[in-house]
Amino acid sequence: MSISNPSRKMKFKVLIDESLCKGCALCVYICNKLGGKVLKESNKRTLLGGTLPILNGECLGCRMCERYCPEFSITVEE
Amino acid sequence: MLKAGKHLVLGNVACAEGAIRAGCRFFAGYPITPANEISHHMSIELPKVGGFYLQMEDEIASISAVLGASWAGAKAMTATSGPGFSLMQEGISYAHMTETPCVVVDVQRSGPSTGQATMPSQMDVYQAKYGAHGDYEVVALVPWSVQEMFDLTIRAFNLAEKFRTPVLLMADGVIGHIMEKLVIPEQVEIVDRRRCSSREAMPFGTDDPSRVPEMPLFGEGYRLIVTGSTHRESGFRDESPKYHAMLVKRIREKILKAESEISDSVGYYLEDPKIVVISYGATARPSFGAVKKARKGGLEAGLFRLRTLWPFPDREIRRLAEAAEKLIVVEMNSGKILREVERASRGCSEVLSLPKIGGVLHSVDEIYKAIMEAYQ
Amino acid sequence: MTVKNLRYYREKFVRHLPTRFCPGCGNGVILNAFVRALDDLSIPQERVLCVSGIGCSAWIPNPYFSGDSLHTTHGRALAFATGAKVYNRNLKTVVFTGDGDGAGIGGNHLIHAARRNVEITTILVNNMNYGMTGGQTAPTTLYGGLTTTTPYGNPENPFNLTSLVASAGATYVARWSTYHVIELTKSIKEALQNEGFSFIEVLSQCPTQQRRMFGLSGTSSEAPQRILEMFLESTYIRGQPLKNNYLYAIPKKTPEAVFKSVETKLSGFHPKLKIVDHMAFGRIIKINTERVEEVKRSLKDLDDVEKVADPLEGKIELGVFVKCERPEFVKTLHNIIERVGENRYGV
């Protein structure tokens, strides 16, 4: 969030390290519960067997998904 | 702390004094007869030298606190007796696997179980060697006097630091509770563990022939990882067969390869022995009296006293067995070191046992009688 | 202000990934909260010593935290940690333990460490079973809980760990869950700043073992989120008023079978009905309504409903239970050394 110029809309990218993600979907759960409701489970399998979450809409940058990720694999980049 | 010079001191107190001189600055223990005086003295003296006495909730916590302190840089010890020694075995096994230097004093009492709390025995000698789970090699020293309670405690710390291993001091109720002359020297030789020379030093692996790796400490920024699980040289867990075999082999060879340096025993009248009394700790004292008495009577008797119980001096026993006709093993248990002597002598001479249980030391005459009978 | 994203925390604090925790296990979430607390307090990493016993929780710091970590024998982490902390007082010492490791075999060390008020922060991961060894019953398993060693229901009552440790003398005691990550992170910070024994119990999801325990049928990949949702439903935060009015209808049969009849029965009140997982009652129907008393009365004579439960009935209280001062063990040991110091003579 850039404080100095609040009107400028921050653009957020969500990156998932596929070698770490086990597809536990906690990020999808919390995004849809508390966040921008933009993370969704894809049908792509991750290396470690789970389903890979993908972004389906505009991330608000609340970073809740980062707090719930047990494998430190999801990151929100500005 | 007692000044250098001559003193009349209780065995247990001498042990505590030796520890402090060796640089021990951390003691964690739990009350148990007949080891209490060590704790009492430590609780008085350690704060004076900036050290810490902890009384923990049980013996398991005591050995655990000692190991935690050791990795924080302390020369640390605990003291207990049979029942507590049993509780500490898992911690001792952990100390071997993680190569954590520490000293454990077992002032043996008469067991099994609660037994004769105030009476001495030498019944824990096998527990010292085989008490815990897993393959490891033990260093166990055995004092026979108040002076040796002092000297061997210092030696125990130096061996622990040098080989990064737990060292046991197998005292007993007699030695712990007698008062005798103690001569405290001005200076005492102190050995310190090999500290870390560089960031890349491997805390659990070395190609140094001694097999003793350098020991980094917590709080020094090494991001040290210590685990009782099988681990690589870096400390990172790796439970593969290869690493397990490598690690266990090294921690055992660390002691076995240094046997000649660690092992230490004393011979009396062993020039031309026919009968050799083999003993250790308190029972070696009446044995010595009996051998002297026999010598006066013209009998070729000698005494071989173990000052280091483990590793066991196989070679010396073998030589004695070849030289002498009979060996008499005198010990306050049902005959344990007897089996080691039988194994080591490989039938080269007859091995007799003079066990004694009941919590009372052998008398000189008992042993003298055994020597006489063996002589016929 | 650079915003720290998860990669910042991963690169700074995590030694090795991926973890060996089961997918969606609470341990990773707790490590996540812990490193944020450390970072917020800017505690120098070389000062931090994490000690852990045996069990899944023990793996949080060893090998996954990048700092000094001591992985000890089962249940003894607190005793090891006490030894290290006493000898080197500026080690910021944190113990990670589990409900079995900390309150089962380690229970004696837990209450004594609290009694001594030694400056150690203990994070006890309560997943209500012995996870690593295959889901056996633990001192915190709920009465009647199904585990691999209580196939006929747990015959024992669980500890209330926070009141146990509070009465033992700890000067900071809190309980959170892996759902409440914000509060947990804040609580860990408070614990780390407490000059005494801090204890935080964290209700944690164990997707592998808790599906049997709480009858969470359905795919295992849904388990983590379902358990977190259950934690949210089954807990309340101390001192926080309820956000809205509701009560629970506990069905005789499955909630699905009873749903229709409850809905029609209460149609007059236009309630919002939802099937939820509740740790104390299992799968039940949550009824959001302003007219609580009337709904309660009208459900009384509906024989499909076994019982109507109040909002807080059978729920686990979260929050900070103790925050006080008591003499601290290591400080006292150092005072003794100073006091005795006059006739100290060098060795």
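Sequence lines set the chain letters: A, B, ... in the order given, protein chains first and strands last, and positions in each chain run from 1. Treat the numbers as computed from the prediction; the structure is a model and nothing was measured.
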By a 4.5 Å heavy-atom criterion (distance strictly below it), what part of [X] contacts chain A: side chain, backbone, both, or neither?
X      : value
C:V14  : side chain
C:Y8   : neither
C:T185 : side chain
C:L232 : side chain
C:L228 : both
C:Q205 : side chain

* side chain to side chain contact (heavy atoms under 4.5 Å, CB included) evaluation trace for C:I237 with C:H180 -> CA-CA 10 Å; C:I237 295 180; C:H180 302 82; 3.9 Å; yes
* May I ask you to decide whether A:K13 forms a salt bridge with A:E77, counting only side-chain N to carboxylate O separations under 4.0 Å? => no
* Pairs of heavy atoms under 4.5 Å with chain A: top-ranked of C:I30, C:L31, C:V35, C:T178 -> C:L31
So, [X] and [Y]: side-chain donor and acceptor under 3.5 Å apart, yes or no?
X      : Y      : result
C:E229 : A:Y29  : yes
C:T19  : A:K22  : yes
C:T147 : C:N129 : no

* Part of A:L34 within contact of chain C (heavy atom distance under 4.5 Å) -> side chain
* Asked: For the candidates A:T75, A:V76, A:L15, which exhibits the highest count of non-hydrogen atom pairs separated by less than 4.5 Å from chain C?
  -> A:T75
